Amino acid sequence: MVFSKSFYTYLTIISLLFNLFHFSYIEAQNDGFTVNLIRKRPNNIITNGVQAPTKAYLGQYLMELYIGTPPIKILAEVDTGSDLVWVQCVPCPGCYEQMNPMFDPLKSSTYNNISCDSPLCQHLYSHGCSPENICNYNYGYADNSVTNGLLAQETITLTSNTGKSVGVPKILFGCGHNDTGNFNDHEMGIIGLGNGPMSLISQLGPLSGGKKFSQCLVPFHTDISISSKMSFGKGSEVLGVDVVTTPLVSTEQDIQYRVTLLGISVEETFLPFDTNIAKGNIMIDSGTPPTYLPQALYDRVATEVRNRVSLKPISDDPSIGDQLCYRTQNNLNGPTLTFHFEGANVTLTPVQIFIPPKDGVFCLALAKNSGNDPSIYGNFAQSNYLIGFDLEKQVVSFKPTDCTKH
Ligand SMILES: *[C@@H]1O[C@H](CO)[C@@H](O)[C@H](O)[C@H]1NC(C)=O
Ligand SMILES: *[C@@H]1O[C@H](CO)[C@@H](O)[C@H](O)[C@H]1NC(C)=O
Ligand SMILES: *[C@@H]1O[C@H](CO)[C@@H](O)[C@H](O)[C@H]1NC(C)=O
């Protein structure tokens with residue numbers, strides 16, 4: 001069971017002209033590259049917010065890549081909280097509807113099934129064997145979404161922001177033939193960017209000069225024509241005097257990127273995470289929009305924020321449930337929040353703290369965990385920082401950056 005699925009973050013790599021692919025692609029050769037990412041904003045991001053704060057922030061973010069030979073365009077959710085890359089494939093008796101045509105493995109000359117005997121099949125938590133001894137996978141997410149299909153290998157092609165196509169052969173992926181759950185018809189699968197062996201990062205690492213990547217996400221209410229960026233491998237390091245770094249405490253078995261949060265300051269007021277700070281008490285997940293905190297900490301942070309905002313919180317709009325929201329045309333003149341990660345203080349300003357789920361309303365982009373759910377540092381809080389994940393040095397680095405100009 002994988003905890004998180006980022007059905008909220010669409011990181012859409014800028015569209016390329018198809019004719020780039022009439023020429024043979026350049027294979028990644030121990031060199032890094034950067035891709036542009038575009039955000040898509042849904043028309044209405046409040047769905048039925050009352051019981052489900054995440055849904056109230058629903059935004060959809062896709063990454064574009066090409067798969068197969070000839071290459072087929074795929075738009076898929078990016079998710080640092082899971083590690084399988086998968087797309088819907090025909091025949092698909094149990095698929096959800098999607099707008100674009102599905103990938104057909106029989107029409108690609110570079111598609112390969114994986115044998116059940118292959119060690120690659122053993123990477124999967126849950127696998128089976130078809131009568132033909134082909135590896136079947138079954139992959140589930142915390143929201144009960146599930147994908148089932150065949151484990152396979154294909155060539156994928158990404159386009160760097162210099163216009164160069166980067167083709168990578170033999171990427172292990174799931175060809176989903178039975179996928180159900182929380183998906184919409186724009187998305188054709190999920191790109192797992194987590195810490196596990198199957199993730200795109202782990203697979204690209206040896207070809208791109210290292211298992212590392214960085215991202216610079218533009219804030220939620222940025223004009224959608226402005227792209228975010230993601231860099232892979234060599235050159236993705238986050239450098240400079242204002243960089244702060246915290247240890248990644250994920251073990252080899254951990255799919256998620258876990259770090260240690262000591263506490264949060266609202267302006268000068270320090271609020272400890274807990275009476276006992278466990279190592280790796282929060283995961284950094286590009287797939288989850290709000291930041292999820294233990295209930296007691298959330299309540300203390302919200303109270304401190306409320307005390308420092310001169311406006312009256314909204315109390316008469318059922319669509320926002322119990323979230324802390326204010327009516328204002330422009331973002332709030334609110335307090336800063338500092339996340340005190342082990343060795344790294346990360347300060348957020350209102351543009352990273354409050355998001356407008358609808359016109360004229362700004363809400364605190366934090367939510368409380370239910371039960372024993374893990375804490376999550378979500379993508380709203382990640383915006384306007386260049387954040388580097390170095391799986392070899394086992395660190396996460398943060399550098400304050402205007403991602404709209406980066
Ligand atoms: C798809 O998978 C679900 C379980 O995830 C199963 O109940 C269903 O029978 C499957 N459908 C097909 C067509 O294989
Ligand atoms: C992959 O395996 C499936 C299931 O056994 C089979 O139907 C399909 O033809 C195979 N594809 C290729 C390209 O071998
Ligand atoms: C982070 O902030 C705390 C509280 O303000 C301070 O005591 C600490 O020295 C800072 N740590 C770093 C690494 O800057």
Side-chain angles (χ1 to χ4, degrees), residues 1-10 47-48 51-52 54-55 58 60-63 65 67 74-105 113-114 116 120-131 134-154 171-200 202-203 253-256 283 285-289 292 370-374 376:
M1 176 83 170
V2 172
F3 177 73
S4 122
K5 173 162 94 58
S6 52
F7 30 152
Y8 306 106
T9 325
Y10 267 51
T47 49
N48 51 354
Q51 295 299 325
T54 53
K55 284 225 168 52
L58 187 64
Q60 300 165 322
Y61 304 79
L62 299 179
M63 173 168 169
L65 52 77
I67 188 162
I74 299 291
L75 290 166
E77 300 171 10
V78 290
D79 189 10
T80 58
S82 65
D83 72 340
L84 181 69
V85 178
W86 64 271
V87 304
Q88 295 210 103
C89 292
V90 288
C92 211
C95 284
Y96 58 86
E97 258 182 59
Q98 72 174 50
M99 280 190 340
N100 296 324
M102 271 175 216
F103 175 65
D104 183 350
N113 282 328
I114 298 292
C116 221
L120 299 174
C121 192
Q122 314 300 318
H123 280 329
L124 293 162
Y125 292 98
S126 173
H127 62 267
C129 298
S130 75
I134 303 298
C135 183
N136 286 311
Y137 74 90
N138 181 330
Y139 202 87
Y141 297 88
D143 65 349
N144 296 324
S145 301
V146 180
T147 173
N148 293 292
L150 298 174
L151 189 66
Q153 278 178 324
E154 253 299 8
I171 290 288
L172 202 59
F173 81 112
C175 218
H177 294 283
N178 181 0
D179 317 307
T180 50
N182 239 319
F183 303 105
N184 71 49
D185 61 4
H186 290 269
E187 58 204 30
M188 302 161 74
I190 293 181
I191 310 292
L193 298 169
N195 187 46
M198 314 247 292
S199 86
L200 190 63
S202 297
Q203 295 194 66
Q253 285 79 39
D254 263 331
I255 285 167
Q256 288 95 15
M283 65 169 90
D285 186 355
S286 69
T288 301
Y292 281 84
S370 54
N372 290 325
D373 283 352
I376 299 172

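Predicted model only: the values in this text are computed from it and were never measured.
Under the 4.5 Å side-chain criterion, counting only non-hydrogen atoms from C-beta, F173 is not in contact with M198. M188 is not listed as a side-chain neighbour of F103, based on a closest heavy-atom distance of 4.5 Å or more. At least one side-chain heavy atom of N100 sits less than 4.5 Å from a side-chain heavy atom of L75. Side-chain contact check for V146 versus D179: every heavy-atom pair is 4.5 Å or farther apart.
For the cysteine pair C135 and C116, the distance separating the two SG atoms is not below 2.5 Å.
Note: N178 CG to N138 CG = 9.0 Å, rounded to the nearest 0.5 Å. We find the CG-NE2 distance between L150 and H127 to be 13.5 Å, quoted to the nearest 0.5 Å. Note: C89 SG to D104 CG = 8.5 Å, rounded to the nearest 0.5 Å. Here the CD atom belonging to Q153 is positioned 6.0 Å from the CG atom belonging to L172, to the nearest 0.5 angstrom. To the nearest 0.5 angstrom, N195 atom CG is 12.0 Å from S82 atom OG. Rounded to the nearest 0.5 Å, atoms CG (L193) and CG (D79) are 7.5 Å apart.
With V87 as the partner, the side chain to side chain contact (heavy atoms under 4.5 Å, CB included) test is satisfied by one option alone out of I191, L65, I74: I74. Screening Y137, Y139, W86 for a side chain to side chain donor-acceptor pair (under 3.5 Å) with T147, the sole residue that qualifies is Y137.
With hydrogens and angles ignored, the 3.5 Å screen pairs no side-chain donor or acceptor of D254 with any backbone N or O of Q256. Looking at H177, its side chain never comes within 3.5 Å of a backbone N or O of N148 through a donor-acceptor pair. T80 contributes no side-chain N or O that, together with a main-chain N or O of G194, makes up a donor-acceptor pair within less than 3.5 Å.
The minimum heavy-atom distance between P197 and Q203, with the atom names listed, is O-CG, 4.1 Å. Here the closest non-hydrogen pair linking C121 and L151 is CA-CD2, 3.9 Å. In terms of heavy atoms, G181 sits closest to S145 at CA-OG, 3.6 Å.
Side-chain atoms of S199 and D83 form no donor-acceptor pair, as typed in the model, at a separation below 3.5 Å.
Applying the side-chain hydrogen bond (donor to acceptor under 3.5 Å, both in side chains) definition to pairs two or more places apart or across chains, those involving residues 88-98 are Q88-Q98.
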